[in-house]
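This report concerns only the one structure given below.
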Amino acid sequence: MIQMKNTDKKIAIVSNYKQHSQELGQELMQKLRQEGFILTLKNPDIVISVGGDGMLLSAFHRFERQLDKVRFIGVHTGHLGFYTDYQSFELDELVENLKMDRGARVSYPILGVRVALENGDVYHMKALNESTFKRSDRTMVADVFINKVHFERFRGDGISISTPTGSTAYNKSLGGAVLHPSIEALQIAEMASLNNNIYRTLGSPIIVPKKDKIEIIPTRTDRHTITIDNRTYTHKNIEKVEYQIDHHKIHFVATPRHTSFWNRVKDAFIGDIEE
């Protein structure tokens, strides 16, 4: 791997609109300029997100067409989030670690989403955490296929498809399992499924391997809502939605402060254990 000098590294800093985040972003820019880094939003090598997990999701989507090149770092200005690398008082440590950076990265799988409409229009999207599929105003009825096998006819509020890193987000609140990101798999979680002596679904989360494709085909073609992380889209006359592990990944800068997945899970949900 070719060693990059500070003057070769192009860094983009994106912040949420909170005053503390904006001020922190400006402070970080000044420190990086003093060390000879190039600050630009055009074709960066590293993207630093200042704010919370929602800001990192926004940064991911802003640069999702450059995923093969760019690496991310999360600086949190509030409560510790799942994508935290540094806290607001650790900027000097962040700058020092960037000066020693040799291009190492930690990579996680993401979700590829294909939405096909009856008029022939097709939309391709990517999700870092999850995508949900719901009928806009009433119970959704849809056929679920896994690797071409008609698995079930779902009736309920909707279906969530999550990545391993997204397994700790909305998926967890739906009763889904927490997956380590080294397991390249997707997870299906039902949202308030209708189960009685007439209608039946599996009723539990499903882990789907990397090679398998998930297809959801609604039985009605009225309005449905699709979420892609923190974005929401509404379409009419959806023919089907397909989900699969994307051939791209998200890459994070593997600095000494990029903590392990299980440390992140522990810090986010359990905290320190009292003896």
Side-chain angles (χ1 to χ4, degrees), residues 1-2 4 8-17 21 25 28-29 32 37-75 81-85 98 101 103-117 120-133 160-167 169-170 181 184-186 210-211 213-214 225-235 238 240-255 258:
M1 182 176 295
I2 299 176
M4 296 178 66
D8 297 326
K9 293 178 184 174
K10 295 187 290 184
I11 298 179
I13 299 177
V14 292
S15 308
N16 64 27
Y17 294 108
S21 299
L28 182 56
M29 286 183 184
L32 290 171
F37 291 96
I38 302 170
L39 299 180
T40 178
L41 293 174
K42 185 177 181 180
N43 299 320
D45 301 300
I46 297 172
V47 174
I48 301 177
S49 165
V50 182
D53 280 353
M55 189 61 229
L56 194 138
L57 287 174
S58 297
F60 164 79
H61 287 290
R62 181 170 182 172
F63 295 96
E64 65 178 55
R65 294 187 178 182
Q66 304 173 45
L67 291 180
D68 290 337
K69 176 186 176 182
V70 71
R71 294 176 293 152
F72 292 84
I73 296 176
V75 177
F82 198 78
Y83 292 111
T84 302
D85 289 303
L98 284 175
D101 174 51
R105 61 190 188 181
V106 177
S107 304
Y108 299 147
I110 63 174
L111 175 63
V113 184
R114 179 181 183 273
V115 181
L117 305 185
D121 291 344
V122 176
Y123 300 91
H124 295 273
M125 294 173 281
K126 295 178 175 64
L128 177 56
N129 276 356
E130 77 278 312
S131 172
T132 66
F133 186 37
S160 170
I161 312 293
S162 65
T163 66
T165 52
S167 69
Y170 185 45
E184 293 193 71
L186 300 179
K210 177 182 179 179
K211 65 179 182 64
K213 180 186 295 183
I214 302 164
T225 297
I226 298 172
T227 66
I228 304 291
D229 293 328
N230 53 4
R231 301 179 174 188
T232 301
Y233 306 89
T234 299
H235 293 287
I238 291 178
K240 67 178 176 179
V241 183
E242 299 175 351
Y243 298 98
Q244 198 166 22
I245 292 287
D246 198 84
H247 63 280
H248 297 283
K249 291 186 176 183
I250 184 172
H251 308 293
F252 289 88
V253 175
T255 66
H258 190 86

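Note that the structure is predicted; figures quoted are calculated from it, not measured.
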- Note on the structure: When rounded to the nearest 0.5 Å, the distance separating CZ of F60 from OG of S49 is 13.0 Å
- Compare every heavy atom of L39 with every heavy atom of M29, then report the nearest pair and how far apart it is. O-CD1, 3.4 Å
- Task: Dump the intermediate steps for side chain to side chain contact (heavy atoms under 4.5 Å, CB included) on H248 and D68, then the final yes or no.
- Result: CA-CA 7 Å; H248 297 283; D68 290 337; 2.9 Å; yes
- Message: I'd like to know if R71 pairs up with D45 as an ion pair, taking the criterion as any Lys NZ or Arg NE/NH1/NH2 lying under 4.0 Å from an Asp or Glu carboxylate oxygen.
- Response: no
- Task: Compare all side-chain heavy atoms of F133 with those of I238 and state whether any distance is below 4.5 angstrom.
- Result: yes
- Item | Polar side-chain atom of T227 near backbone of T132 as donor-acceptor pair, under 3.5 Å | yes
- Heavy-atom check, side chain of L98 versus side chain of I73, under 4.5 Å: yes
- Task: Give, for atom CD1 of I110 and atom CD1 of I250, the distance between the pair rounded to the nearest 0.5 Å.
- Result: 7.5 Å
- Does any non-hydrogen side-chain atom of I161 lie less than 4.5 Å from one of I214? yes
- Message: Could you check whether any side-chain heavy atom of V47 comes within less than 4.5 Å of a side-chain heavy atom of Q66, counting everything from C-beta outward?
- Response: no
- Can you check whether G74's main-chain N or O pairs, donor with acceptor, with D85's side chain at less than 3.5 Å? yes
- Query: Heavy-atom distance under 4.5 Å between the side chains of K69 and K10, does that happen here?
  - Reply: yes
- Item | Spatial distance of atom CG (L28) from atom CZ (F37) [nearest 0.5 Å] | 9.5 Å
- Check whether the ring centres of Y108 and H251 lie less than 6.0 Å apart, and answer yes or no. no
- Please say which of I228, T163, N230, L57 ends up in a side-chain contact (heavy atoms from CB on, under 4.5 Å) with L128. L57
- Query: Is a side-chain N or O of S131 found less than 3.5 angstrom from the main chain of A127, in a donor-acceptor match?
  - Reply: no
- Query: Looking just at side-chain N and O atoms, do N129 and Y83 make a donor-acceptor pair shorter than 3.5 Å?
  - Reply: yes
- Would you please say whether a donor-acceptor pair under 3.5 Å links the side chains of Y233 and T225? no
- Query: Measuring from L111:CG to D246:CG, what's the distance to the nearest 0.5 Å?
  - Reply: 8.0 Å
- Message: Which heavy atom of A185 sits nearest to which heavy atom of P164, and what is that distance?
- Response: O-CD, 3.2 Å
- Message: Check this for me, if you would: do K249 and E184 make a salt bridge, where the nitrogen-to-carboxylate-oxygen distance has to be below 4.0 angstrom?
- Response: yes
- Item | Heavy-atom side-chain proximity of I11 to L32 below 4.5 angstrom | yes
- Query: Roughly how far apart are S160 OG and Y243 OH, rounded to 0.5 Å?
  - Reply: 8.5 Å
- Query: Any side-chain heavy atom of L117 sitting closer than 4.5 Å to one from Y123?
  - Reply: yes
- Task: Heavy atoms only: give me the nearest K211-Q244 pair and the separation to one decimal.
- Result: O-NE2, 3.2 Å
- Measure the CE-CZ distance between M125 and R114 for me, rounded to the nearest 0.5 Å. 11.0 Å
- Item | Verdict with supporting geometry, D229 and H61, side chain to side chain contact (heavy atoms under 4.5 Å, CB included) | CA-CA 9 Å; D229 293 328; H61 287 290; 2.8 Å; yes
- Message: Using side chain to side chain contact (heavy atoms under 4.5 Å, CB included), reason through F252 and L56 one step at a time and then give a plain yes or no.
- Response: CA-CA 11 Å; F252 289 88; L56 194 138; 3.9 Å; yes
- Strictly by modelled atom types, are S162 and S167 linked by a side-chain donor-acceptor pair under 3.5 Å? no
- Query: What are the two closest non-hydrogen atoms of V14 and A59, and how far apart are they?
  - Reply: CG2-CB, 3.7 Å
- Message: Within the 4.5 Å heavy-atom criterion, are N16 and V50 side-chain neighbours or not?
- Response: no
- Heavy-atom pair with the smallest gap, counting every atom of G51 and S21: CA-OG, 3.9 Å
- Between P109 and P181, which heavy-atom pair has the shortest distance, and what is it? CD-O, 3.3 Å
- Does E242 come within less than 4.0 Å of K213, counting only side-chain N to carboxylate O? yes
